[in-house]
Every structure is written in structure tokens, then in C-alpha cells.
Protein chains: 2
Amino acid sequence: MTTRPRASTEEVYARVRADLLGGVYAPGERLKSTPLCETYGASVSVIRETLSRLTEQGLVESEPRIGFRVRQVSVDDLRHLTSARIDIESLALRYAIERGDMTWESEVVAAHHRMERTPMLTADAPPRVSDEWEAAHSGFHGALLDGAQNPWLLGIATTLRDAGEFYRRWSQVHEPGRDVAGEHREILEATLARDADRAVRALAQHYQHTADILERALAERDVAQNS
Amino acid sequence: MTTRPRASTEEVYARVRADLLGGVYAPGERLKSTPLCETYGASVSVIRETLSRLTEQGLVESEPRIGFRVRQVSVDDLRHLTSARIDIESLALRYAIERGDMTWESEVVAAHHRMERTPMLTADAPPRVSDEWEAAHSGFHGALLDGAQNPWLLGIATTLRDAGEFYRRWSQVHEPGRDVAGEHREILEATLARDADRAVRALAQHYQHTADILERALAERDVAQNS
DNA sequence: TATTCAGAGATTTTCGAATATCTCTTGTTT
DNA sequence: AAACAAGAGATATTCGAAAATCTCTGAATA
């Protein structure tokens, strides 16, 4: 959100994407070019190109001649997304476990360690999930799949992860009783043991659990909005 | 490749994409803005936005400050693509068979019929695979998956199909002995019988068969180029 | 001879103004 | 009162020129 003069498309793209994933813009919110130009210190063509690319990724929606808006969220969409994500990440994880070398293993362990050592919640009241932890979390799941070595599969997984992160960030929910660290540890152990079935089961449960919580939050919000 | 004045981004995008899939541009070929502006009768910003979007889809590659070029092809990439495609389309086909309704069934049958009734080869010498058949073929495979009803999955499948079509179009190979129609019929029958395992097996074999042929053509071309 | 450097030309990238389109308000007609 | 039409303002879209950057050539230097 910092305002700087002169910015290349690549940079603006990265910043808008980060802001989108960081929950700066609400789902469905219109993304008008003029304000965005000022915010990111770029001209209309740069903003337009950025939004085009993000549309292709599904983070932004475009109605030609009307404008761009942040992707809408809905329970249905979340279900579809979760299903696709579990299916595809499971595939990738299986390949990774089958083919991943030692470098990959080390990266996974390192990413896990980084996540464990990053405090999940901020000191704010009410506490929010910290940006650092979100990044480390994303990094861990990315590292898990990297062993699959199929750029197509990894690209797809990244797109889906981004969309998922958007849901997660937007509904800053936190389930007190949940043992997230334990879930991650289980995935890590099964992966290192090269036990694909167990790892995939743990991964699927992890995502499904998150999705269930998000779905509940989403339903509540819908009820609140309609009243 | 038709030259018309005044074109909206959406239209230019569709035309460039079609030309890319239609084999008008060679893999690795540079896509310079000035010639493209003239070809499509649009200004540089429109072209740029189009290429950006296609880059996001993997049909075009971009090196910032250097330019855009048509996606490179390689045996390795083809293998990755084929693997991802088989895995993901299999998933989608299973969902479609599980959940598809009668409308879906009818669409599948209709698309198959359309493909069967379209002549595969042109009257040229040497005969080429006709554009109409390619479109019908793509339509059939698309119809198969549509029953899955998961927009995320379908979007991904489309992206991968586009990339595959690019390979297919570019290396206009035709295996005389191959019974493509039979392969399609097998997929269709298994699908209508709601026999997921059999349908998925047939689909995977179909794609693998195509990929093997393409790979051979690609390897030959590489040898020819390096001499 | 190999390497470096300068500069011309080609190309990409960015910009902001000009144009086209949409949206909402207000007034008119039925 | 309802439906429609006109117009003002907001906004998206397109354009082509200006600026930044890259690439290639050929001469100067070690």
C-alpha cells in the first residue's frame, strides 16, 4: 500500500497481488483504475495489465467495459476450490514423495522449522494471524510439493493456493481448540517416512478442516449481512 | 490472421490465442509488438495486455524488458504436460461420471457425433488435420469433463488442453495405422456406462498414445535441426 | 587477436490525453 | 404514476508519442 513514484509492471503486479492476498481489498469490491493508479504510483496501462493477469489467475474478476472487481467468495466456490486443491495437491505430494531427492527433503524440513519458530498470532487485541506466519505456512506447503518437479502441476497448485490464501486471509478466523502444529507435524512425518497414503490423508484432512472452519465463518457472515 | 481495424482487447485476445493454437507462430518465435499491432489492427497496449494474459496461461513466455515469445516446446515439457493432463482430466472425468446428469450425457453424445461426422483430414497434399476436426475434437474432450461441475477444475483442464493442442497443431503428425475414432468410441462407451475405471483408463491411453507420437516427431525434429 | 567501449538503431515499456462506454439523475411523455 | 429519453458525470478503453532499455556493430585499446 506504500505510495512510490515510478514502478514497473512486474513490481506493481507483485504488490497488488500481495495486497489482494493480504486482505486489503474485500471480495467483490470494485477495483477502479484511477484510485489504483494513485495508490501504486503507476499509469493506467500498468494497472490494467496487472488486473488482467490477476483475472487470468482467478484472483480478480473482469466484466468487459464495466470494470474489474475482487473475486467474489461463496460457500459453493470454497467447496469447489477445496475439492480441487485437495485432489491436485495430493497428486503432487505423491509424486514428490516418490521422486523427491535429499535437497527437497532438507527444504521441507527447513520450511517446517521456519513455520514452527514463527509466532502464529500477533500481540494485537484481538490477536490476528501474523503475516510472517502466513508466509511461512505457504512456504511449507509449497516446499512439500516442490519435489514433484512438474512445473505445470506446481503452477496450478500455486494458483489454487493463492485462491485459498485469499479465503483464509479474508476471514481472519482462529479456532482455539485446533492443533494446527500437530496437523503439520503429521504431514511432515508421513512425508519424510515416504508414506504417501498417510501423508496424503493428513494433507487432505488439514485442508478440509480449514475449509470447514472457513465455511462456517462465511455462512455466519452471510447471515449477518442479510439481516 | 484477418486484418480488421478497431478491435477490442477481448477480440484481439481471442484471435491471437486462436492463431497460437492454430500453429501460425512457431514455438520460441519472438512476438514483437509492432508487427503484431499491424496484424491485428490494435495499439501496443492492447497487444501487450493480450500477451500478458497468454503468458499467465503458459502459451506465451515473457522475459521482462526483452520481450514476449511463443512458448518453447521440449520433450521434457511435453512429458510433464501429458502427465499433469492425464492426472487432472482423470480426476475431472471421474467426477463427471459420478455426478453428471442427463443434459451432460446428451452434450457428450452430441459432441461425439459432431466429431465423428467431421472429416479429420483435408483434401490438401499432403493431407493436414482439419481445423474443423480439431475444434470438434477439443469440444468432445471438453464436453466429457463438463459434468464435473467444478469451475476450478474445468479451468485448469482447459489451460492444459490448450497447451496440448499447441503441441499437436505444431507438429502436424498423422499416424496412419492409428484408430483414433475407436479410442474415442471406447471413452464414450465407458463414460455412458458410468464405468469410471474403464473410462479413465481409455482416456489416459488416448492421451499417452498421442503424446508418444508427438514425442517421436519432436525428437526427430530436434535431430534434424541440430544437423 | 581478444576485449572493451561507444553509439546507432531496434524494441519494450510507460505515460497521459482522447475516445468510447456506462450509470445515474432529471425531466418529459403517455 | 410509470415508462421512457436525454444528458451530465464517472469510468473504462484505446491510442500514439515519449522515455527507457536492450542489442548489435565497429572502432579503439590492451
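Chain letters run A, B, ... following the sequence lines, proteins first and then strands; every chain starts at 1.
Protein atom CD of B/Glu11 is 10 Å distant from nucleotide atom P of D/dT14, rounded to whole Å. C/dT11 atom P lies 12 Å from atom CG of B/Leu36, rounded to whole Å. The separation between B/Arg69 atom CZ and C/dT12 atom P is 11 Å, rounded to whole Å. For A/Tyr40 and C/dT13, the OH to C1' distance is 20 Å, given to the nearest whole Å.
Among pairs with a residue in residues 100-111 of chain B, those fulfilling side-chain hydrogen bond (donor to acceptor under 3.5 Å, both in side chains) read B/Glu105-B/Arg194, at least two apart in sequence or across chains.
Remark: A/His141 engages A/His137, A/His184, A/His206, A/Tyr207 in a ring-ring contact (aromatic ring centres under 6.0 Å, His included) (not counting sequence neighbours). Not counting sequence neighbours, A/Tyr95 has no partner by the ring-ring contact (aromatic ring centres under 6.0 Å, His included) test. Remark: B/Asp77 engages B/Arg71 in a salt bridge (charged side-chain N to carboxylate O under 4.0 Å, His left out) (not counting sequence neighbours). The salt bridge (charged side-chain N to carboxylate O under 4.0 Å, His left out) search around B/Glu98 returns none, not counting sequence neighbours.
Shown here is A/Arg128, whose CZ atom has no more than 12 heavy atoms of other residues, nucleotides or ligands within 6.0 Å.
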Protein-to-nucleotide contact annotation, 5' to 3' order, nucleotides 7-13 of chain D [B base; S sugar-phosphate only; - none; under 4.0 Å, heavy atom]: ----SSB
